[in-house]
S.K.: 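I'd like to ask some things about the structure below.
Counting starts at 1 for both ligands and their atoms, following the listed order. Here the structure is a predicted model, which means the values were calculated and not measured. All residue numbers in this chain count up from 1 along the given sequence. Side chains included, hydrogens not; waters and symmetry mates left out as well; all remaining heavy atoms used.
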Amino acid sequence: MTGQKWKFVPITEKPDLESFDCGISELNDYLKKYAGQNHRKGLGSTYVLIPVEGEPVAAGYHTLSMAQVELRFLSEFQRKNLPKYPVPAVRLGRLAVDRQWQGTGLGEILLIDAIRRSVVAVQSVAAKYMIVDAKNKKAEEFYQRYGFQPFEGGSHSLVAAIDTLKELFAK
Ligand SMILES: CC(C)(COP(=O)(O)OP(=O)(O)OC[C@H]1O[C@@H](n2cnc3c(N)ncnc32)[C@H](O)[C@@H]1OP(=O)(O)O)[C@@H](O)C(=O)NCCC(=O)NCCS
């Protein structure tokens, strides 16, 4: 943990994104060029982690949207007792931490916040699973620590039941 206090703001509050660098240019570019307009257009909600005090410089962000997952990507266990059509899900499309803060617990803070928001959303709009699009092997390993399982058939996406994820912050 960092000793700093953090808070989440929607990207529409215009936090300072200029210096953000998570080491993956696609995720940097998304935050700086597209996240704001996509948030406004209803294509993906982005929340940015900034310090409670001082300049509102982005230390991390996540982007959520509604989605569905086809049964063929689920394991036999995950498919159990489900109808034969795609299952409603929440997509954690992007999650990244600035290099300066990686390894200090912010990835976990971001993931738990994304799960909390999903849990609130599914009280009104049903979704059974959360799916994440990992950009590389390292990111996959990060998500697997929290119970996400790779899609069947091999891809960089992973899936976990929202009911199970809830337990991460219920402890
Ligand atoms: C992957 C990423 C989000 C992790 O965030 P982070 O702030 O560095 O991770 P945290 O400090 O919160 O680590 C939380 C736990 O996960 C572990 N962890 C972190 N990165 C990991 C990895 N790549 N593989 C396995 N475990 C990892 C940490 O050791 C820690 O466990 P501990 O509490 O037992 O020590 C971050 O490194 C990042 O933004 N990377 C570049 C962008 C990216 O790959 N995004 C993800 C998918 S799109």
Side-chain angles (χ1 to χ4, degrees), residues 1-11 15-39 43-69 73-74 89-119 121 127 129-162 164-171:
M1 288 290 155
T2 61
Q4 277 259 26
K5 288 206 170 109
W6 303 96
K7 65 177 181 181
F8 283 92
V9 293
I11 191 158
D16 182 353
L17 310 175
E18 197 53 42
S19 62
F20 186 83
D21 178 13
C22 70
I24 298 184
S25 56
E26 190 192 332
L27 291 171
N28 297 339
D29 288 349
Y30 180 80
L31 180 67
K32 294 174 195 184
K33 295 186 190 158
Y34 306 110
Q37 49 176 299
N38 282 2
H39 190 104
L43 300 173
S45 298
T46 294
Y47 285 83
V48 180
L49 192 65
I50 61 171
V52 168
E53 282 167 15
E55 295 299 312
V57 177
Y61 78 97
H62 63 61
T63 303
L64 289 170
S65 61
M66 288 298 181
Q68 59 179 21
V69 56
F73 295 129
L74 300 177
V90 173
R91 177 187 298 277
L92 176 55
R94 291 175 180 81
L95 182 154
V97 175
D98 187 90
R99 280 215 263 224
Q100 185 191 344
W101 297 106
Q102 285 178 13
T104 66
L106 297 195
E108 181 164 309
I109 290 174
L110 284 157
L111 180 59
I112 288 179
D113 183 76
I115 295 166
R116 269 185 213 280
R117 288 178 197 275
S118 305
V119 167
Y129 287 109
M130 177 176 256
I131 53 183
V132 296
D133 301 324
K135 291 284 175 263
N136 53 39
K137 194 85 201 139
K138 272 179 69 180
E140 277 178 48
E141 286 165 11
F142 170 75
Y143 289 120
Q144 281 177 311
R145 290 176 55 95
Y146 298 95
F148 285 89
Q149 290 173 21
F151 268 23
E152 289 290 307
S155 85
H156 286 304
S157 297
L158 298 94
V159 55
I162 292 176
T164 312
L165 292 171
K166 241 196 235 181
E167 289 160 22
L168 282 177
F169 58 83
K171 282 177 194 156

S.K.: Just wondering, are more than 12 heavy atoms of other shown residues or ligands nearer than 6.0 Å to OH in Y146?
M.R.: yes

S.K.: Mark yes or no for whether D133, through its side chain, and H156, through its backbone, hold a donor-acceptor pair below 3.5 Å.
M.R.: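 No: the side chain of D133 does not pair with the backbone of H156.
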
S.K.: Using atom types as modelled and distance alone, determine if a side-chain donor or acceptor of D98 lies under 3.5 Å from a backbone N or O of C22.
M.R.: no

S.K.: Residue by residue, ordered by chain and number, which ones reach under 4.0 Å of ligand 1 with a heavy atom?
M.R.: C22, I24, L27, L95, A96, V97, Q102, G103, T104, G105, L106, G107, E108, D133, K135, K138, A139, E141, F142, Y143, R145, Y146

S.K.: Can you give each donor-acceptor pair under 3.5 Å made by side-chain atoms of residues 50-62, sequence neighbours left out, with the distance rounded to 0.1 Å?
M.R.:
unit_1	atom_1	unit_2	atom_2	d
Y61	OH	L27	O	2.7
H62	NE2	D113	OD2	2.7

S.K.: Examine Y47 together with F8 and report whether their ring centres are nearer than 6.0 Å.
M.R.: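 Between F8 and Y47, which both carry aromatic rings, the centre distance is not below 6.0 Å.
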
S.K.: May I ask you to decide whether K137 forms a salt bridge with E140, counting only side-chain N to carboxylate O separations under 4.0 Å?
M.R.: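 Salt bridge flag = yes for E140 with K137.
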
